[in-house]
There are 2 protein chains.
Amino acid sequence: MAGAHSTQGAPATLHDVAREAGVSLATASRSLNGSTRKVNEEYRQRVLTAAAKLNYSPNLSAQAVARGTTTTVALLVADIADPIFSQIAAGVVREADRERLVVTVAATDRDPERELELVRTMRGQRPRVLILAASRREDDPHNTALEAELRAYEANGGRVAFVSATDLDFRTVRVDNRIGAEALARELTGLGYRRFAAITGDDGIRTADERLAGFRAGLEAGGGTLERVVRQDFTRDGGYEGMRRLIEQGLDGIELVFAANDVMAVGAMSAVRDAGLTPGADVAVAGFDDVPIVRELTPPLTTVRTPLEEVGRRALRLALGDATEEDEAPVRTEVVLRASTPGRASTRDAEQVPTA
Amino acid sequence: MAGAHSTQGAPATLHDVAREAGVSLATASRSLNGSTRKVNEEYRQRVLTAAAKLNYSPNLSAQAVARGTTTTVALLVADIADPIFSQIAAGVVREADRERLVVTVAATDRDPERELELVRTMRGQRPRVLILAASRREDDPHNTALEAELRAYEANGGRVAFVSATDLDFRTVRVDNRIGAEALARELTGLGYRRFAAITGDDGIRTADERLAGFRAGLEAGGGTLERVVRQDFTRDGGYEGMRRLIEQGLDGIELVFAANDVMAVGAMSAVRDAGLTPGADVAVAGFDDVPIVRELTPPLTTVRTPLEEVGRRALRLALGDATEEDEAPVRTEVVLRASTPGRASTRDAEQVPTA
DNA sequence: TTGAAAGCGGTACCAT
DNA sequence: ATGGTACCGCTTTCAA
């Protein structure tokens, strides 16, 4: 029977509670929120009872001003509806919840200028932590301004964490992009593929670059060649357009197209079908990230699993400073071979390749 | 050359700005944030200059305490990573951004108890708006407590908006679930389908119930029969399990399975394939919502388009109270016929059906 | 118009 | 341990 009694007009304040309990403001505060308990148990009970009766809930804003610190985590993503970012966000929210922190989200729509603007706006919240998960370009003209902004924020006691690598020197959740892509390429050459193309993000997007570099290295080791590289937006439509162009120019011997992330890969597969070809049969496709949906495609997509929720959780831990050693290490990725890259039995060296 | 000068240790306060500009606190406040401008232009400029120089950014928490009102929108979803909710969230965030409001998110994980808990927690933020987008059950035991909580919140000046219908009487963004499902059923019978099954959410989930009821009505009108109904979680795995059971029991003449949302439909299609059958050919499948990914499936999924981002935007407008007449009307849905429900030419009354 | 000062809801120091 | 009180950063009334 906890009465929702504060139906008056304004929520009960600590003052109300103190009065109701017949104790001082200070005691009420200590009973309710004070860290080290040094309150007479009887008083304490009276305060708790009064608080319950009045349906008291401490005003976070007021606590924030008084304490000089908030319980807010500010999260910046490129696009909330994008499965990659929504998974990361889910991880951040889950971890924040454990730490009793509140998460605020904003979307940059992949516009660096907007990102900078948003970071500036977010300062008003005085968030304890600022997580930047919108994939960024290394050579963006706004970078210096962004860095200045973030440094100032840190100087004021804020903690910054990036989700994918940048050239900016802040705490960063690193993903084994290079290693994962290299492993993928090795597996693919092991399956008998030799001639490749890649659809990737703009030059300068670190994630894309790392994945491409890793893929290249793996091909080299495995005897494959990367015959063409198309750069597009890091989106479904970018992937579609990239594949469309590849096909338009003539696939012409290319056996497999690697898209630098799954969202692009989805678009790429769609373009293959729209061209009247069959993904997997006419041209193999591989992606990166293993977002849940790609298992459901036909054929299911070969990709490199990235534990995106874990990435989100880590970003928060890292920013908070209570990262374990494990948290500091790059996030491991894992190749997942599926039917979009069937084995090419016909190729000469299609021998068994250990999946290790 | 806007100097990020506040590299001291704490962000510049309005006090600092006032001193720097050689004016009073009040004047500084009025110049920077005051609504009606009644400040001498010269002073005003001095304040603005000082603010820029000190890289001043008003402390939102402090403003909230002083004003007695925040600029926060609290959003509750079932699961941020779920494409349905992430799209709604994207809409809320976008609209909030327009209104210069900050969005905080939390996930209920579909647990009504947790939802109640979260609502209570959120009170601490004193959000101006609380949007509940986690699909709820009508008969949940926590409902009365939730309602009490929300009423109290409203009594304190808060605005509540629900995203899908409940029996709770609050502002609600209504979706044409019934009409959409009915239209879908009509189209499907028009295509020659006669024998149906449905996979839906638990009885009591309004969205699921409305869609099922609409579908039933449409079948009746079109001469189809709903031979079986399976109830499962409103998730991908729920859809999978539902279809698995249907197949296990023997499809046995059922031509088309309607899943009450696309996420379930995705799971259902997967189960069809895992059973060695071909969706669309052996059994047709239809969903609801038209999340972006279902176009990409093989076969592409027939569904009922729901403008989810718009739903999110509306929820905020509705809560804010600046909803237009259009905003008050139910959100229109639209049948999208795709290859997962091919026309059945063989059926006797497979005549032309106007798509109107 | 401007500035002094009284709050807003809390926290935390300092005597008692 | 408890209560009085200064103070957090900002808004807003009230006089001047």
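Just so it is clear: chains get the letters A, B, ... in the order the sequence lines come, proteins before strands, and each one is counted from 1.
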Checklist entry - Where the side chain of B/Asn33 is defined as all heavy atoms beyond and including C-beta, which of C/dT2, D/dC10, C/dT11 is the nearest nucleotide? => result D/dC10
Next on the checklist: If the condition is ring-ring contact (aromatic ring centres under 6.0 Å, His included), which residues does B/Tyr56 pass it with, not counting sequence neighbours?
Outcome noted: none
Next on the checklist: Among residues at least two apart in sequence or on other chains, which ones pass side chain to side chain donor-acceptor pair (under 3.5 Å) with B/Asp79?
Outcome noted: none
Item to check | Side chain of B/Ser24 - closest among D/dT2, C/dG3, C/dC8 | outcome: C/dG3
Checklist entry - Cation over ring, A/Arg174 on A/Phe162, under 6.0 Å and within 45°? => result no
Between the protein and nucleotides 14-16 of chain C, list the N/O to N/O atom pairs that are separated by less than 3.5 angstrom.
none

Checklist entry - What nucleotide, of C/dG9, D/dA1, D/dC10, holds the atom closest to the side chain of A/Ala62? => result C/dG9
Item to check | Options C/dT11, D/dG9, C/dG10, nucleotide nearest the side-chain atoms of B/Arg126 | outcome: C/dG10
Checklist entry - What is the bend of the helix from C/dT1-D/dA16 to C/dT16-D/dA1 when you compare the axis at one end with the axis at the other, using five pairs each and rounding to 10°? => result 40°
Next on the checklist: OP1 or OP2 of C/dT2 versus the side-chain N and O atoms of B/Thr27: is any pair under 4.0 Å?
Outcome noted: no
Next on the checklist: As a quick check of understanding, evaluate side-chain contact (heavy atoms from CB on, under 4.5 Å) for A/Arg128 and A/Thr69, giving each step before the final call.
Outcome noted: CA-CA 7 Å; A/Arg128 255 157 96 123; A/Thr69 167; 3.6 Å; yes
Next on the checklist: So, using side chain to side chain donor-acceptor pair (under 3.5 Å) as the criterion, who are the partners of A/Glu20 when residues are at least two apart?
Outcome noted: A/Lys53
Checklist entry - Taking NZ, NE, NH1 and NH2 as the nitrogens, is one of them in B/Arg313 or B/Glu99 under 4.0 Å from a carboxylate oxygen of the other? => result no
Item to check | Carboxylate-amine/guanidinium contact B/Arg94 B/Asp97, below 4.0 Å | outcome: no
Checklist entry - Base, sugar-phosphate alone, or nothing: which one does A/Thr69 contact when heavy atoms must sit under 4.0 Å apart? => result nothing
Checklist outcome for this item: Among the nucleotides D/dG9, D/dT11, D/dT12, whichever has the atom closest to the side chain of B/Ala26 is D/dT12
Checklist entry - So what does B/Ser29 hit on the nucleic acid, given a heavy-atom distance under 4.0 Å: a base, only sugar-phosphate, or nothing? => result base
Next on the checklist: Measuring from the side chain of B/Asn40 (C-beta onward, heavy atoms only), which nucleotide among C/dG3, C/dT2, D/dT11 has the closest atom?
Outcome noted: C/dT2
Checklist entry - With sequence neighbours left out, what residues match B/Tyr43 under ring-ring contact (aromatic ring centres under 6.0 Å, His included)? => result none
